[in-house]
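Let me begin by presenting the structure, written as structure tokens, before commenting on it.
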Protein chains: 4
Amino acid sequence: MAASDVAAADKVPIDLAHAPGAPATGTARTRRTDPDRRERILATTLDLVAEVGVAGVSHRKIAARADVPLGSMTYHFASMDELLHEAFTRLADAVAARFEARLGAARDHEEAVEAVVDLIHELSDGGPTSTRGNVLSYELYALAARDPRYRALTTAWMARSRRELERHFDPRITRRLDALIEGMSLHRALDEDPVDRTVTLAAVRAVVGEGDQR
Amino acid sequence: MAASDVAAADKVPIDLAHAPGAPATGTARTRRTDPDRRERILATTLDLVAEVGVAGVSHRKIAARADVPLGSMTYHFASMDELLHEAFTRLADAVAARFEARLGAARDHEEAVEAVVDLIHELSDGGPTSTRGNVLSYELYALAARDPRYRALTTAWMARSRRELERHFDPRITRRLDALIEGMSLHRALDEDPVDRTVTLAAVRAVVGEGDQR
Amino acid sequence: MAASDVAAADKVPIDLAHAPGAPATGTARTRRTDPDRRERILATTLDLVAEVGVAGVSHRKIAARADVPLGSMTYHFASMDELLHEAFTRLADAVAARFEARLGAARDHEEAVEAVVDLIHELSDGGPTSTRGNVLSYELYALAARDPRYRALTTAWMARSRRELERHFDPRITRRLDALIEGMSLHRALDEDPVDRTVTLAAVRAVVGEGDQR
Amino acid sequence: MAASDVAAADKVPIDLAHAPGAPATGTARTRRTDPDRRERILATTLDLVAEVGVAGVSHRKIAARADVPLGSMTYHFASMDELLHEAFTRLADAVAARFEARLGAARDHEEAVEAVVDLIHELSDGGPTSTRGNVLSYELYALAARDPRYRALTTAWMARSRRELERHFDPRITRRLDALIEGMSLHRALDEDPVDRTVTLAAVRAVVGEGDQR
DNA sequence: GATGAATGAGTTTTCATTCAT
DNA sequence: TATGAATGAAAACTCATTCAT
């Protein structure tokens, strides 16, 4: 589980697919059938949270952005918190899936190490998508630190990440490796002068016990 | 810079000292002069953000909790964001100071390693104070990922942490060490089954290049 | 376009019809459907502006007077300015309509001259209705001198007045005639010792080129 | 009394002289002696009313713009209304003085007619100064139509204008001439396509009884 | 005399949610 | 089933004015 991975969340095709600027399906008249409205609301919610934070979202803003009637917000989601919880559930799933996809593609130990470095750098290099993912992660962490319902999300996400890492690394080091991924992603995202790949690779090697001895 | 350190923030005596439930200096009648009102508002703001998040705070809630008139909120701080920014500035300072104090007390390399492990565990073991610090950090990260004004805060904080680490560790490894502190603190805080000191120590040793070779 | 005409604005049955003290349609319980609420808000807004000026109106006051919930103010009108603009649009329409009605009833040149004198005197003779119209006009002029959106209103109003005058008078003199109407209405309204009909008639005759030579 | 004349108000050297962007006299420390602070507040008030209307001014905005302490506002003027009334008194005086200066310079009947045309056109041709004067006049009219205290101002102003006109024109026509000046100034100010000097001159001639007979 | 600090009442606006249709 | 209309509560913020100094 690491912040930068979230950045790639909207690349996951099915779960979070949506076209932000896309016109409403059909005219206002033919709004009748709009099957993926629920999904669009969820995706829009995440977009908006990334932009203005949990503190800045509202039913109205989401409805306007998703081109959905305001009344349908509470029809589809009983409350704001339910909407938020479901949105962050989607997020955690998408990010974990992404993590798994990357690690899963690694054929051997070396490729796994490379995949980890990729994960840390990928999209924490800046750009709107990266920001989106980072903000969303930190918002989720803040929520999770306060609320058990959100902590369940992060716990599951962390478990999936660790399980995936264990396919390539010794169980005794997956925790610290996961933590390193998290910390380096976060620092890279917030740092004015982010470390380059060499530094990251050395860090990963050290953590997995392959570093040069002092 | 690590989340768990924030937990200890309110132990720092000067910067953030405040007595939440303390009665106002003087009576309601003689409220005219209340010199540390500004400080009390800032401290209360952080307390409240820790409890309900940036999304949950409001002038009203802060004013009520700090026992100040609602009108004085915007007298002391031109806007909600100004208040928040100043509060988080205080937070970052206090946390960095705490970090420095811990590391500064270390007399040799061994003590520095121990201090790092302490920092990671300290108060990320749960309890209200821990939660406070964690939530505040994540809220700040979310803010920083979106807004340069807040990023200036995290950048300065990170620089201070790294400078302190460099007094004990090779510059080439302070970045990864700082990242590990961050990541382990975060994971310990959010994990249902947080790692114990042995694991943390092994992780720190590995990162500083003293780990057992595989 | 002349200030005093505005005084008659609330006589126009359709455009601005409203019963200030009328009870809400239905009980407080069945308020759900209150079709002409929008209109009532607009009419009340003009009433209140007439009484206390643009400077003195507020959502609260209007809501209370119109017997609508405060929350419905910004539901029907996105902002205070939108409300004011729409209210003044109504006003300008009503006043212009009144002007046309008066002039339109004139069958020949002589009747047109009489109609103009009527227009100047009508209700600028004092009384609450007169005040209402005058104040509203000056408030609108002040708005128009500052803001193009309001100027569009006065421009259209002036055009309608002039078009109507041209049905009875030479195009070369409608502008000065319209200006005279404006000026005499204004001065009569603000003067402690307003001129009587004879003076007005002589002024109109002079302006249309029928005055006695010196 | 005519709107456009107001535009020239700030040319009157003594009464309303002030430098909007001028730095405070002396430093913040040497604020002690600031003899024309009262005058500066009054001038700033008119400037601000011209910009944002009576509805938009506030003690705070005026104080900030005039570079005086907020507390000194209510020290110099017991209430907002007192400040406004005194400011508009200054305005009416300045405008009437301007009117007198123009008319007083006329040596004969022909020059008086020219002066009147000048007055109508002068600065109602647009530009910030013109807007300032026009807005201020209409704001004053709105105030006067509602409040006797302000009406006293307009009444005196009108009397002075008329007295001056009577030095050049037959008493029987000064009222209609004054009204024409008022109306033409106003229409020129608000019209998208203001009349040119020829039209104005013809109007003035007609009103003073020198027009071509039909 | 003059003012910085302060505040209670008020401002506009936004909000989540309800509910008749 | 879906939604436009509606609203009470609360949001952030501004205000004129007071008053200790």
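Small disclaimer: the values here were computed from a predicted structure and weren't measured. Throughout, a chain's letter reflects where its sequence line sits, starting with A, and its residues are numbered from 1.
In this structure, His85(A) contributes its side chain and Arg149(A) its backbone to a donor-acceptor pair below 3.5 Å. Looking at Arg38(A), its side chain does come within 3.5 Å of a backbone N or O of His76(A) through a donor-acceptor pair.
One interatomic measurement links the two molecules: CG of Asp81(D) to C1' of dC15(F), which rounds to 16 Å at whole-angstrom precision. Here dA16(E) presents its C1' atom at 6 Å from NE2 of His59(A), a figure rounded to the nearest Å. Counting to the nearest Å, the C1' atom of dG4(F) and the CG atom of Asp67(A) are 15 Å from each other. Here the C1' atom of nucleotide dA5(F) and the CG atom of Leu70(A) are 10 Å apart, to the nearest Å. Atom-to-atom, CE of Met73(C) to P of dC15(E) comes out at 19 Å; the value is rounded to the nearest Å. If you measure from atom CE of Met80(A) to atom P of dA9(F), you get 21 Å, rounded to the nearest angstrom. Rounding to whole angstrom units, CG of residue Leu84(D) and P of dA16(F) are separated by 10 Å. For the pair Ile62(C) CD1 and dT12(E) C1', the computed distance is 11 Å after rounding to whole Å.
A salt bridge links Arg65(D) to Glu51(D): one of the charged nitrogens lies within less than 4.0 Å of a carboxylate oxygen.
Counting only heavy atoms from C-beta on, Pro69(D) has its side chain closest to dT3(E) among dT3(E), dG4(F), dT17(F). The side chain of Lys61(C) sits closest to dT11(E) out of dT17(E), dT11(E), dT3(F). Side chain of Ser72(B), nearest nucleotide from dA2(E), dT3(F), dT7(E): dT7(E).
Among the heavy atoms of the strands lying under 4.0 Å from His76(B) are primed sugar atoms or P, OP1, OP2 only; no base atom is included.
The nucleotide dA9(F) finds its pairing partner in dT14(E), both defining distances of the Watson-Crick or G-U wobble pair being shorter than 3.5 Å. Remark: dC19(F) base-pairs with dG4(E); criterion is Watson-Crick or G-U wobble with both hydrogen-bond distances under 3.5 Å.
Side chains of Val135(C) and Glu139(C) form a contact here, defined as non-hydrogen atoms less than 4.5 Å apart.
If you find the closest nucleotide of DNA chain F to Thr74(A) and to Val57(B), the one lying nearer the 5' end belongs to Thr74(A).
Proximity of Tyr75(C) to the phosphate of dT7(F): no side-chain N or O atom is located under 4.0 Å from OP1 or OP2. The phosphate of dT14(E) has neither OP1 nor OP2 within less than 4.0 Å of any side-chain N or O from Ser58(A). Contact check, Arg38(C) against dA6(F): no side-chain N or O comes under 4.0 Å of OP1 or OP2. Between Arg60(A) and the phosphate of dA16(E), there is no side-chain N or O to OP1/OP2 separation shorter than 4.0 Å.
Atoms CG and CD1, on Asp67(C) and Ile62(C) in that order, are 14.0 Å from each other to the nearest 0.5 Å.
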